[in-house]
Amino acid sequence: MESYTIGRAARLLGVSVDTARRWADAERFPTRREGARRMVDGPDLAAFCVEAAKEGAEGGEAPYTSARNAFPGIVTGVKLGTVDAQVEIQAGPHRVVSLLTREAVEELGLEVGSRATARVKSTSVFIDRG
């Protein structure tokens, strides 16, 4: 079973280390000590991630889309071709790059500094062990 430090858990959750510590102190997920380090067991962290995602979905308006993998962020790059375009979004620690039509980029008004959400729906998803 894999275990994570609070710092690593915070990175996986996309929050600050202080926030992860506050959640652990509030017993939102269990931790244990290994010497001076506070550790979270992988299955406990995974369960909390699912719970936190559900709480986040309940707190806001439901999206009008069937895509479940949303990456809200800020546009950091736009390259326009004559027909195509490339848009880069920084979503927390994730860099998401999408290829779409120039027309779509112009209709959406996407430019560097714009807020945007990348939604990923695919039949091919690759997973690397972290």
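Every heavy atom of this structure was used, including side-chain atoms; hydrogens, water molecules and symmetry mates were not.
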Open item on the list: Assess the residue pair Arg102 and Val83 against the criterion (side chain to side chain contact (heavy atoms under 4.5 Å, CB included)); give the C-alpha distance rounded to whole Å, side-chain angles, the decisive distance to 0.1 Å, and a yes or no.
Closed with: CA-CA 5 Å; Arg102 179 185 182 122; Val83 175; 5.9 Å; no

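Taken together through direct or relayed side-chain contacts under 4.5 Å among Ile, Leu, Val, Met, Phe, Trp and Tyr, Ile74 and Val120 form parts of separate hydrophobic clusters.
Side-chain contact between Val78 and Val75 is present, with at least one heavy-atom pair separated by less than 4.5 Å. Side-chain contact between Val105 and Val87: present, with at least one pair of heavy atoms (C-beta onward) separated by less than 4.5 Å.
Counting only residues at least two apart or in different chains, salt bridge (charged side-chain N to carboxylate O under 4.0 Å, His left out) contacts with residues 74-90 comprise Glu88-Arg95.
Arg32 pairs by the side-chain hydrogen bond (donor to acceptor under 3.5 Å, both in side chains) definition with Ser3, Glu34, Asp41, not counting sequence neighbours. Considering only residues two or more places apart in sequence or on other chains, Tyr4 meets the ring pair (Phe, Tyr, Trp, His ring centres under 6.0 Å) condition with none of them. Among residues two or more places apart in sequence or in another chain, the side-chain contact (heavy atoms from CB on, under 4.5 Å) test is passed with Ala24 by Ile6, Phe29, Thr31, Arg38.
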Only pairs under 3.5 Å count here: list side-chain donor-acceptor contacts from residues 12-21, not counting sequence neighbours, and write none if there are none.
| from | atom 1 | to | atom 2 | distance (Å) |
| --- | --- | --- | --- | --- |
| Ser16 | OG | Thr19 | N | 3.0 |
| Ser16 | OG | Thr19 | OG1 | 3.0 |
| Asp18 | OD1 | Arg21 | NH1 | 3.4 |
| Thr19 | OG1 | Arg22 | NH2 | 3.1 |

Side-chain donor-acceptor contacts of residues 109-118 below 3.5 Å, not counting sequence neighbours, with atom names and distances?
| from | atom 1 | to | atom 2 | distance (Å) |
| --- | --- | --- | --- | --- |
| Ser114 | OG | Glu111 | N | 3.1 |
| Ser114 | OG | Glu111 | O | 2.9 |

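Scanning all heavy atoms of the two residues, the minimum distance from Pro30 to Val40 falls at O-CG1, 3.9 Å.
For Glu103, the CD atom sits in a loose shell: 12 or fewer heavy atoms of surrounding residues, nucleotides or ligands are nearer than 6.0 Å. For Arg28, the CZ atom is densely surrounded, since the number of other residues' heavy atoms within 6.0 Å is greater than 12.
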